[in-house]
There are 2 protein chains.
Amino acid sequence: MRKAKIHSMEELSATIGISRPTLSRYFQNPESVRASTARKISDAMETLDYVPNFFATRLNRKATGMLGVVIPHATDLFFASLLEQIEIVAAELGYTVFTQSSHGSPEMESRAIEQLLSMNADGVLVAPLGGQSRLESLDRLRRNLPMVLVDSAIPGLDDVDFVGTDNHQSIKMIGEYLLRTGHAPTFLGMPRLNANAAAREVAYIELMEERGLEPVVIRGQSVGDSWHFEAYAHDVMEEHFAQGRHVSGALLCANDRLAIGALRAATRFGLTGENGLRIAGHDDHPLSRFMTPALTTVAQDIPAIAAAALRLVTDQIKGDAHDLPPRRETFATRLIIRESA
Amino acid sequence: MRKAKIHSMEELSATIGISRPTLSRYFQNPESVRASTARKISDAMETLDYVPNFFATRLNRKATGMLGVVIPHATDLFFASLLEQIEIVAAELGYTVFTQSSHGSPEMESRAIEQLLSMNADGVLVAPLGGQSRLESLDRLRRNLPMVLVDSAIPGLDDVDFVGTDNHQSIKMIGEYLLRTGHAPTFLGMPRLNANAAAREVAYIELMEERGLEPVVIRGQSVGDSWHFEAYAHDVMEEHFAQGRHVSGALLCANDRLAIGALRAATRFGLTGENGLRIAGHDDHPLSRFMTPALTTVAQDIPAIAAAALRLVTDQIKGDAHDLPPRRETFATRLIIRESA
DNA sequence: TCCTCCCTTTTACGCGTGTAAAGAAATGAA
DNA sequence: TTCATTTCTTTACACGCGTAAAAGGGAGGA
């Protein structure tokens with residue numbers, strides 16, 4: 001049962017009596033050799049323990065078959081879900097994806113970008129940290145590899161393809177829903193401002209002004225560069241609630257993780273009952289439907305975003321034309337009415 | 001501002017007038033060349049756009065400096081948190097980590113393992129799917145690379161280092177807490193049986209029998225190989241509650257994601273008030289404290305697990321002795337009493 | 001000024017595989 | 001059996017860099 005270990009294709013060639021170039025072709029595509037030969041090889045492989053060296057195979061190819069993905073945080077289920085979709089589509093296209101998480105740190109993000117550059121990935125999908133991202137790193141990446149920004153655009157880096165959600169549409173949709181059902185929402189923004197944070201806040205303000213209403217934006221102390229959205233929202237809202245502010249009407253949160261934190265605070269203050277404070281989120285976090293009350297929110301079209309992102313990179317890869325005008329694809333969200341608002 | 005692009009070290013050598021071997025040494029360790037030379041190189045690099053090719057650098061080295069990590073699901077916050085810790089520690093040790101998610105599928109898990117084998121990673125950390133994992137794949141990996149199983153052991157693959165949580169301790173601790181505070185818990189198990197699922201159930205049964213109590217285990221219809229624990233638990237419990245079963249006393253869930261689903265079902269049936277059904281989980285999921293009621297649970301020591309896993313692989317890597325007896329490190333959990341039980 | 005020591009350059013080979021070109025062998029049909 | 005065609009083998013070079021050995025150069029001390 002213990003198979004003999006073979007370390008190189010050369011060695012394999014010697015032991016099974018088939019020339020190395022033929023083996024090379026076989027491993028790239030078994031059908032590129034005669035059926036009888038392919039059989040002979042695969043039979044021999046049953047007895048032997050050999051895998052072509054990944055590095056060596058990519059070294060002398062025009063394309064490495066690798067796709068880099070950078071996300072800000074692996075522990076945010078939105079990005080984890082996005083990554084999952086990307087990996088699935090990429091696998092179908094035959095790409096090996098190399099994922100790097102920035103862990104919320106600009107240094108790590110830059111390191112990740114260096115990694116992908118040095119690996120000569122065929123293309124890169126970047127969900128950037130946002131405002132804290134180092135522009136030079138991203139710009140360098142853009143100049144050297146096919147690249148697509150996902151989820152959040154970067155002000156100042158405009159000539160890059162972008163795929164994300166139409167924040168204007170989504171905020172307007174849920175905002176109008178809240179208005180329609182009786183309340184002008186207050187807005188709870190994200191602690192750190194990436195492009196989405198800004199865009200959603202702007203969309204909210206525009207909606208309110210359009211209706212001749214006074215926009216009210218809650219912005220708490222940004223505790224360091226914390227990605228602990230739930231805790232942030234909880235603490236911010238707890239302070240407000242304790243002072244009797246924002247205890248009724250509707251609260252529109254920039255994302256579900258904030259909403260979950262806010263919901264918790266509201267519940268503790270007994271604010272979420274019938275005719276109580278209404279809370280809405282954004283993103284349709286996987287756990288939102290399990291909250292009490294279940295969270296009303298808007299769902300981003302993650303599969304569509306992932307598919308589009310891959311379509312755009314592969315276009316760049318095939319076209320090899322870096323001088324195309326930058327494309328921008330945004331997707332509409334779906335309103336999900338549950339109990340919280 | 002647009003830097004000239006250099007494609008190889010050879011080319012770099014020609015343009016800045018420093019020999020390639022010296023450059024090679026510089027990039028591996030800038031202090032291995034004379035200070036004046038290092039300065040000369042780094043000055044030149046300011047103007048040029050060059051990164052050593054990752055594949056080429058690893059090709060002719062004894063160690064690749066890569067660590068492979070396989071997790072069952074990137075969208076499970078427990079594994080995402082574990083991965084985060086692993087990446088942080090690995091980065092400190094100078095390893096480049098290559099993460100692959102199995103997406104809950106044995107085929108993907110095997111593919112991931114093939115990838116890591118072909119990349120000749122220095123070592124691999126595997127959080128296996130569990131019962132569905134292909135033993136041949138894992139066994140092949142074990143024979144060829146330093147490897148450590150994390151989180152869940154694999155029956156039939158005993159001669160491998162393992163790092164995880166002491167399920168016996170954790171279940172006993174939270175079970176005794178429930179008993180001490182007045183209720184003999186019913187147990188809600190995971191739908192798919194990996195080693196943890198089995199171990200926790202066994203621990204529960206042992207605890208109950210120890211006390212002379214009748215163990216009651218709820219096991220629902222395993223809907224395919226669903227990793228949607230919350231939905232599974234919700235549906236299973238909803239059916240029970242609708243029939244008036246398990247509506248009081250205490251429910252001990254095999255993990256927090258199940259508990260979240262159960263909690264939701266219980267709340268909808270109005271079971272979670274004062275003197276109502278008590279629900280406890282396992283793992284201290286990041287959102288557990290934000291549930292209503294906040295979830296009582298036990299916290300796994302994720303940083304300790306990550307650190308231990310890396311210690312064990314690096315030991316194997318350094319020692320290069322595959323014939324050490326397998327080591328097994330389990331960590332105790334911490335009881336976290338909140339509102340739900 | 002000369003010599004020693006240290007760092008650098010030169011030269012060369014190796015890592016494991018891709019790939020091209022030319023000749024040899026095997027296949028299939030007539 | 002013969003020929004045309006496909007497929008394989010042989011040979012060679014390439015990818016980008018690690019690394020060893022020998023020779024060259026510069027700085028510092030006497």
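Worth saying up front: this structure is predicted, and the values here are computed from it rather than measured. Here is the naming used below: chain letters follow the sequence lines, and residue numbers restart at 1 for every chain.
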Can you tell me if A/Asp122 uses its side chain to pair, donor with acceptor, with the backbone of A/Gly65 under 3.5 Å? yes

Taking for each residue the nucleotide of DNA chain C bearing the nearest heavy atom, is the 5' side occupied by B/Gly17 or by B/Arg20? B/Gly17

With nearest nucleotides of DNA chain D determined for B/Thr57 and A/Leu23 from heavy-atom distances, which residue corresponds to the more 5′ nucleotide? A/Leu23

Starting from the C-alpha separation in whole Å, work towards a yes-or-no answer on salt bridge (Lys or Arg N to Asp or Glu O under 4.0 Å) for A/Lys5 and A/Asp49. CA-CA 5 Å; A/Lys5 177 143 199 195; A/Asp49 203 359; 5.8 Å; no

So, B/Ser32 side chain and B/Arg25 main chain: donor-acceptor pair closer than 3.5 Å or not? yes

May I ask you to test the B/Leu67-B/Ile317 pair for a side-chain heavy-atom distance under 4.5 Å? yes

Separation of D/dG18 C1' from B/Phe54 CZ (nearest whole Å): 15 Å

May I ask you to say what A/Pro52 touches in the nucleic acid, namely base, sugar-phosphate or nothing, with a heavy-atom cut-off under 4.0 Å? sugar-phosphate

Applying a 4.0 Å non-hydrogen cut-off, can you work out what A/Ser8 is touching in the nucleic acid: base, sugar-phosphate, or nothing? sugar-phosphate

Between C1' of D/dC17 and NE2 of B/His7, the distance in whole Å: 16 Å

In whole angstroms, the gap separating C1' of D/dG26 from NZ of B/Lys40 amounts to 12 Å

Identify whether any heavy atom of B/Thr22 sits under 4.0 Å from a base atom; if not, whether one sits that close to sugar-phosphate; answer base, sugar-phosphate or nothing. base

Using a heavy-atom cut-off of 4.0 Å across all strands, would you classify B/Arg25 as base, sugar-phosphate, or nothing? base

Find which nucleotide of DNA chain C each of B/Val33 and A/Arg61 is nearest to by heavy atoms, and output the residue with the more 5' nucleotide. B/Val33

Just how far, in rounded Å, is P of C/dT17 from OH of A/Tyr26? 15 Å

Under 4.0 Å between a side-chain N or O of A/Thr37 and OP1 or OP2 of D/dC8? yes

Does any donor-acceptor pair link the side chain of B/Asn53 with the base of D/dG16 at a separation under 3.5 Å? no

In whole angstroms, the gap separating P of D/dC17 from CD of B/Gln28 amounts to 11 Å

Remember a base hit wins even if backbone is also touched, and classify B/Tyr50 as base, sugar-phosphate or nothing at under 4.0 Å, heavy atoms. sugar-phosphate

In whole angstrom, what separates B/Asn29's CG from C/dC7's P? 13 Å

A/Tyr50 vs A/Phe27, test: ring-ring contact (aromatic ring centres under 6.0 Å, His included). Steps then yes/no. CA-CA 11 Å; A/Tyr50 168 75; A/Phe27 283 112; 5.5 Å; yes

Mind calculating the distance between CZ (B/Phe55) and P (C/dT17) to the nearest angstrom? 14 Å

